[in-house]
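First comes the structure, then the notes that go with it.
Every heavy atom of this structure was used, including side-chain atoms; hydrogens, water molecules and symmetry mates were not.
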Amino acid sequence: MSQFIQLHLLTMYPPSNLNRDDLGRPKTAIVGGTERLRISSQSLKRAWRESEVFNEICRGAQGKITRRIGYDAALRMVEAGVKEKDALAAGIAISSAFVNSKDLEGKDKEDPLKEAMLKQPVRVSAEELSAVNQLVDGLISGNKMPEEDELDFLRKTHKSVDIALFGRMLASKGKPDVSMEAAAQISHAFTVTSVKIEDDYFTAVEDLKEFKKGAGSAFIADAGFGSGVFYTYCCISKDLLISNLQNDEALARQALSALAQSAATVAPTGKQNSFASRAYTSYLLAEKGSQQPRSLSVAFLKATRGEDPLAAAIENLEKQRANFEQAYGACADGFKVMDVSKGEGSLEEIIQFITE
């Protein structure tokens with residue numbers, strides 16, 4: 001049976017705007033009839049996989065998300081002296097290995113090579129990036145167009161940790177053999193308390209203008225912000241992760257370690273220079289077992305109140321877990337807790353637990 005690893009994190013963020021909507025204000029969600037701050041799963045995953053923590057552990061086993069795969073190939077060829085028309089055709093052919101031609105950018109008078117750019121980004125493994133670079137080197141040295149078999153550089157035999165964890169789907173090209181189901185499911189984080197978004201009214205003062213000639217601000221604006229304890233839930237299928245990584249169990253353990261460390265210690269980068277809202281997780285519950293996984297978000301359906309929302313959130317989460325166990329029986333084969341407020345447990349113990 002499949003083994004699932006579940007992580008439940010409670011992280012306190014001070015006044016911040018970590019993840020903005022289209023108006024530049026903090027993202028929100030209605031939970032239990034009250035407004036909460038929200039951080040999207042896309043924002044969390046981006047921050048984690050781009051962090052030094054993640055890169056240090058998974059060095060050399062990561063790909064990239066890009067629209068530029070064919071565009072950059074064409075650009076390299078032009079810079080090497082290949083005719084622009086031929087370079088563009090080669091770039092389009094390379095991009096078309098990922099998607100249908102209708103999913104490429106249209107003609108651009110200012111930059112014709114942009115016609116080889118994807119409309120939407122795709123995940124590309126390190127092995128695939130290397131294969132494309134080798135192909136382009138050959139096209140340049142041979143001054144030729146790519147053969148059909150040379151464009152078959154997409155593969156499912158790569159060991160890209162980010163693709164293994166977060167998945168890849170190339171539906172528009174109809175290539176299910178190179179798509180990959182994500183082994184990790186990451187929730188949108190939301191505050192356990194209801195919130196009211198506030199506005200930071202700020203100005204930029206003109207330093208070079210003399211006071212007597214008109215003192216004042218050179219710029220006036222406002223920025224929304226909020227604060228609270230966020231609940232985040234991660235569910236990882238360990239068996240699928242190992243399978244995605246070509247049965248490399250050592251690399252799967254590295255991936256789990258990287259995910260846990262970054263989830264516990266890395267904050268999204270939104271407006272960090274303005275708020276310095278970096279934070280470590282204060283409470284982390286890790287579970288593993290073959291039982292059907294479940295989130296504990298229902299513990300926060302009713303907004304937490306009081307002077308110590310973190311303590312109340314921990315109490316509510318642990319009570320919800322116990323209630324599920326009472327109703328359904330054991331929901332995991334084992335669990336491990338790190339509670340910073342009580343000085344109990346450690347991240348190292350959590351990582352050892354989920355990787356053993």
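- Between R76 and D137 a salt bridge is recorded (basic side-chain N to carboxylate O distance below 4.0 Å).
- M338 places none of its side-chain heavy atoms less than 4.5 Å from the side chain of E349.
- Side chains of Q291 and D333: a donor-acceptor N/O pair is present below 3.5 angstrom, by distance only.
- Every residue two or more places apart in sequence or in another chain that forms a ring-ring contact (aromatic ring centres under 6.0 Å, His included) with Y233 is listed here: H8.
- Shown here are the ring-ring contact (aromatic ring centres under 6.0 Å, His included) partners of F4, two or more places apart in sequence or in another chain: there are none.
- The list of ring-ring contact (aromatic ring centres under 6.0 Å, His included) pairs with a residue in residues 283-308, not counting sequence neighbours, reads Y231-F300.
- Using a 4.5 Å heavy-atom threshold, the side chains of Q254 and V161 count as separate.
- Within 6.0 Å of the CD atom in Q272, the count of heavy atoms belonging to other residues, nucleotides or ligands exceeds 12.
- More than 12 heavy-atom neighbours from other residues, nucleotides or ligands sit within 6.0 angstrom of CD on Q42.
- Pairs engaging residues 292-309 under the salt bridge (Lys or Arg N to Asp or Glu O under 4.0 Å) rule: E287-R294 [sequence neighbours left out].
- For the residue pair T193 / T304, no side-chain donor-acceptor distance below 3.5 Å is found, with atom types taken as modelled.
- Residue E181 places its CD atom among 12 or fewer non-hydrogen atoms of other residues, nucleotides or ligands, all under 6.0 Å distant.
- When the shell of 6.0 Å around NZ of K27 is examined, it contains more than 12 heavy atoms from other residues, nucleotides or ligands.
- Applying the 4.5 Å side-chain rule to ILVMFWY residues, one finds F225 in the same cluster as F275.
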Kindly list each side-chain donor-acceptor pair under 3.5 angstrom involving residues 14-21, sequence neighbours excluded, with atom names and distances?
| from | atom 1 | to | atom 2 | distance (Å) |
| --- | --- | --- | --- | --- |
| S16 | OG | P14 | O | 3.0 |
| N17 | ND2 | G24 | O | 3.0 |
| N17 | ND2 | G224 | O | 3.1 |
| N19 | OD1 | S40 | N | 2.8 |
| N19 | OD1 | S40 | OG | 3.1 |
| D21 | OD1 | L23 | N | 2.8 |
| D21 | OD1 | G24 | N | 3.0 |
| D21 | OD1 | R25 | N | 3.0 |

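- Side chains of S341 and D339: a donor-acceptor N/O pair is present below 3.5 angstrom, by distance only.
- You'll find the side chain of F230 reaches within 4.5 Å of the side chain of I39, heavy atoms only.
- Few gaps surround CD on E356; more than 12 heavy atoms of other groups in view lie less than 6.0 Å from it.
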